[in-house]
Structures are given as structure tokens and as C-alpha cells.
Number of protein chains: 2
Amino acid sequence: MTPAAIAAAALALGDRDGRQAMSMRRIAADLGCDPMAIYRHFPNRDALLDAVADLALADVDDPGPDSGWSPRIATILTGVRAAALRHPGIAAHVAARPPLGTNGARLGAGIYAALAAAGLPPAGVVFAAQALVAYVAAALAMAVEAGTRDARWHEVSRSMDGLPGEVMPVVGSDEQFGYGLRLLLNGIAVEAAR
Amino acid sequence: MTPAAIAAAALALGDRDGRQAMSMRRIAADLGCDPMAIYRHFPNRDALLDAVADLALADVDDPGPDSGWSPRIATILTGVRAAALRHPGIAAHVAARPPLGTNGARLGAGIYAALAAAGLPPAGVVFAAQALVAYVAAALAMAVEAGTRDARWHEVSRSMDGLPGEVMPVVGSDEQFGYGLRLLLNGIAVEAAR
DNA sequence: ACCTGAACACCGTTCAAGT
DNA sequence: ACCTGAACACCGTTCAAGT
């Protein structure tokens with residue numbers, strides 16, 4: 001029983017039974033051990049979920065510098081969102097707490113490098129990276145709760161006199177995600193050109 | 001005992017005792033009533049917190065169309081963030097579930113109008129508005145948990161060979177928020193000009 | 001019919017008691 | 001010294017029992 005084995009079992013459990021299965025008690029029951037046994041390998045629940053989240057990002061690819069800074073960022077962040085959504089047990093945690101373990105740091109390094117390649121100064125790299133991560137986190141949270149939130153947004157749209165009319169806002173959709181990401185990448189290009 | 005009175009009392013309680021005071025049991029204790037009494041006015045906890053969140057946005061101002069679309073959006077969203085941070089009990093809920101009550105709809109209408117004035121087509125207005133709301137939500141969540149997350153980000157920065165070096169990323173700061181908002185507004189301007 | 005509060009089905013984590 | 005599981009201090013919500 002190692003930290004990695006616990007995290008892998010928890011990830012599989014979450015894939016099977018969803019996010020409400022990710023309690024210390026249910027993970028322990030799945031492992032066939034006492035809940036307290038987990039605390040010998042992780043200081044608390046958040047630390048365990050951080051490890052599970054980082055595991056979920058293992059197969060996200062960084063295309064590297066050859067693909068150009070903007071497609072590189074788009075590929076990484078689209079990959080993070082897709083990977084999180086492939087693992088329903090941990091997606092909400094990825095959204096609430098961007099993983100900064102081994103894989104998170106690897107992908108973060110790719111984003112930093114791409115932003116530097118775009119021409120941003122060091123402070124801009126840090127700010128832009130955090131803005132990108134913030135946006136992905138929120139878009140992911142919306143995708144996780146999609147359906148629930150649709151109705152509320154729909155009402156707001158309807159309350160706007162005349163404006164979008166028949167436009168159906170699909171909160172958390174792939175299209176919605178891509179649009180916002182493009183806005184940020186456009187904005188970064190403007191910032192870098194100054 | 002009306003829904004509005006319950007929401008106002010809960011907001012005041014949260015201002016005083018923080019977010020962990022926002023449980024049905026503690027709100028009821030503060031009101032001097034049985035926890036179940038609240039359920040006669042709200043179907044569940046989320047509905048109550050939605051009402052509290054909307055109350056917290058009551059004094060956020062929409063400068064209206066005369067100020068130009070970009071400053072108008074910046075003023076509204078900066079105001080939403082500031083208002084949420086002024087109410088520590090409910091800020092996390094605003095971040096997790098953008099309020100779409102009376103005040104949320106009023107401010108949402110301002111954003112929609114501003115985006116239409118910028119020249120976006122109806123579908124673009126809806127997408128851009130959701131991207132803006134997503135960004136504010138995530139930036140707000142980071143501000144709420146500021147301090148906790150700083151250390152992790154700092155480590156990531158340090159792990160990037162050579163890059164930012166002495167740049168200290170302050171997660172959730174006003175400056176960080178403003179930078180990301182500017183990226184989005186820049187991106188919207190690019191999109192509208194197409 | 002209305003309303004209360006006991007009870008249900010959980011939590012994360014502490015800590016004392018056992019080995 | 002190590003490890004377990006009972007216990008603590010909570011949750012949101014249901015529901016039966018009282019008025």
C-alpha cells in the first residue's frame with residue numbers, strides 16, 4: 001500500500017461511482033482498509049485528491065515549442081479540460097484546485113514557455129498563466145455542473161430585452177470553452193505586441 | 001420571518017463569522033429558530049445562499065452605456081469582485097455559483113448590452129459574457145483562498161528554469177485580476193473588429 | 001394543517017485504547 | 001512504536017410525532 005496505489009484506486013473508484021464516492025470513508029472501503037490507514041500516506045483529504053488529480057493529467061500532452069505559442073497553449077488547456085472530464089470523480093477538484101504536482105508542473109512549464117515565446121515580459125507571463133488557469137478552472141466547473149446551471153442562464157438570456165433571443169446558451173460546452181480561450185489568446189497577442 | 005429577513009441575517013452572520021458560519025444549523029441558531037423553519041422559505045441551502053449572494057451584489061453599480069463598453073464591463077466586474085470580497089461569508093458561493101437573482105440579472109443585462117455595443121453578434125455576446133463570468137468566478141475563488149494557494153504557485157514558478165526568477169506571483173490579487181480582465185477585453189475588441 | 005425536533009445518513013479528523 | 005476503530009463535532013435533509 002503506497003501513496004501511488006491509493007491514488008490510482010481512488011481515481012478508478014471515482015471513474016466508476018462519481019464525485020460523491022470520493023470521501024475518505026468510501027475510498028477506504030474500496031481499498032478494504034480503515035479510513036485512518038490513508039492518513040498514514042496523506043496528511044489530509046485535499047492532499048490525496050491533489051495526487052489523484054495529478055494522476056488524471058498524466059496523459060495530457062504538451063506539443064512543445066514547434067507548434068507555435070498559441071496552438072501550444074490551446075492544446076495543453078484543451079487537453080487538461082478533456083482529461084478532467086474523462087474522470088468525473090476528480091473533475092470538480094481539478095476545477096477547484098488546479099493541480100500543481102508532477103504533471104501540473106510539466107504542463108505549467110509548457111504554458112510559461114509558450115507565453116515567454118509570445119513575447120510577454122516575466123511579470124506578464126506569470127499573470128497571463130494565472131488568468132488562463134483561472135479561466136480553465138471556471139469553465140471546467142461549469143462543464144461539471146452542466147445542466148443544472150443551464151436553466152438559470154437561460155432565464156437571464158430571456159430577461160435581456162430583445163438581445164440574443166433564440167440563442168441558447170450552453171454553459172460549459174466545448175464551443176463555449178473554445179470561444180473564451182480564443183478571447184484570452186487574442187488578448188495575449190495584443191498585450192505582447194505592445 | 002420572511003425570505004428577505006433570513007437572507008439579510010445570514011449575510012450579516014457571514015460578515016461576522018466567515019464562511020464556515022453559513023450552515024443551516026448555525027444560521028438557524030443565529031435567528032433563534034429551528035433549522036427546519038428555514039426550509040419553509042427556501043427549498044434548500046443553495047437557494048438560501050443564492051438569495052444571500054444576490055443581496056451582497058445590491059450595491060454594485062452599472063455605469064450605463066455612456067461610459068463605453070469596455071470600461072462599463074470592467075466597472076461592473078470589478079464591482080462584483082469587490083462586493084463579494086466585502087462579504088467573506090458568501091464570497092465562495094458567489095465564485096462557485098454566479099448569482100442570477102435580481103441584481104445578478106441587472107448586472108448581466110449591463111454586460112450583455114456592453115458586449116452588443118462592442119459589436120459582437122448575439123451568439124458572441126452570450127459566449128463572451130459566460131467567459132467573463134467564468135473568469136471573475138475563478139479569480140474570486142483564488143482571492144478567497146489567497147495565501148493557501150500562493151505557496152504552491154510559488155513552487156511552480158521556481159520550477160521553471162530561469163524564467164520569471166524573482167517575480168512573485170500573487171494569486172488572487174487585485175493586480176492579477178485586472179490583468180486577466182484586460183486580456184479578455186482586448187480579446188473581445190479583436191473579435192468584434194473581425 | 002402546521003410545525004417542531006428527533007433521527008437518518010453521512011462527513012473529515014482526533015485520539016485513546018489496544019497490540 | 002505502530003495501528004486500529006471508536007468517538008468527536010459537525011453536516012443537509014427527511015419524516016414521524018406532536019399540537
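A quick note: this is a predicted structure, and the numbers were derived from the prediction, not measured. Within every chain, numbering begins at 1; the chains are lettered A, B, ... in the order of the sequence lines, protein sequences first and strands thereafter.
- Atom CG in A/Asp34 sits roughly 16 Å away from atom P in C/dG18 (whole-Å rounding).
- Distance, A/Ile27 CD1 to C/dC11 P: 10 Å, rounded to whole Å.
- There is a path of hydrophobic side-chain contacts, each under 4.5 Å, that joins A/Leu140 to A/Ile90.
- At least one donor-acceptor pair closer than 3.5 Å links the side chain of A/Arg45 to the backbone N or O of A/Met22.
- Spacing between atom CZ of A/Arg19 and atom C1' of C/dC11 amounts to 15 Å, rounded to whole angstrom units.
- The side-chain heavy atoms of A/Leu181 and A/Leu132, taken from C-beta on, include a pair separated by under 4.5 Å.
- Counting only distance, with no hydrogens or angles, the side chain of A/Asp54 and the backbone of A/Pro99 share no donor-acceptor pair below 3.5 Å.
- Computed from coordinates, the A/Arg26 CZ to C/dA9 C1' distance equals 12 Å when rounded to whole Å.
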Contacts under 3.5 Å, N or O only, protein and nucleotides 13-16 of chain D:
residue, atom, partner, partner atom, Å
D/dT13, OP2, B/Tyr39, OH, 2.6
D/dT13, OP2, B/Arg45, N, 3.0
D/dT13, O5', B/Tyr39, OH, 3.4

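- In terms of heavy-atom proximity, B/Val144 sits nearest to B/Ala91 at CG2-CB, 3.7 Å.
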Can you pull every protein N or O that's under 3.5 Å from an N or O on nucleotides 1-3 of chain D?
residue, atom, partner, partner atom, Å
D/dC3, OP1, A/Arg40, NH2, 3.4
D/dC3, OP2, A/Arg40, NE, 3.3
D/dC3, OP2, A/Arg40, NH1, 2.6
D/dC3, OP2, A/Arg40, NH2, 2.7

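- Following chains of ILVMFWY side-chain contacts shorter than 4.5 Å, one cannot reach B/Leu49 starting from B/Leu107, and the two form parts of different hydrophobic clusters.
- With contacts defined as side-chain heavy-atom distances shorter than 4.5 Å, the pair A/Phe177/A/Met142 does not qualify.
- Here the side chain of B/Arg106 pairs a donor or acceptor atom with the backbone of B/Val60 at under 3.5 angstrom.
- C/dT14 and D/dG12 are spaced 23 Å apart, taking the C1' atom of each and rounding to whole Å.
- When the C1' atom is compared between D/dC2 and C/dA17, the two are found 13 Å apart, to the nearest whole Å.
- For C/dT13 and D/dT13, the C1' atoms lie 23 Å apart once the distance is rounded to whole Å.
- With a cut-off of 3.5 Å on both Watson-Crick or G-U wobble distances, the partner of C/dA1 is given as D/dT19.
- For the residue pair B/Leu183 and A/Ala131, the shortest heavy atom distance occurs at CD1-CB, 4.3 Å.
- Pairing partner, D/dT14: C/dA6, with both Watson-Crick or wobble hydrogen-bond distances short of 3.5 Å.
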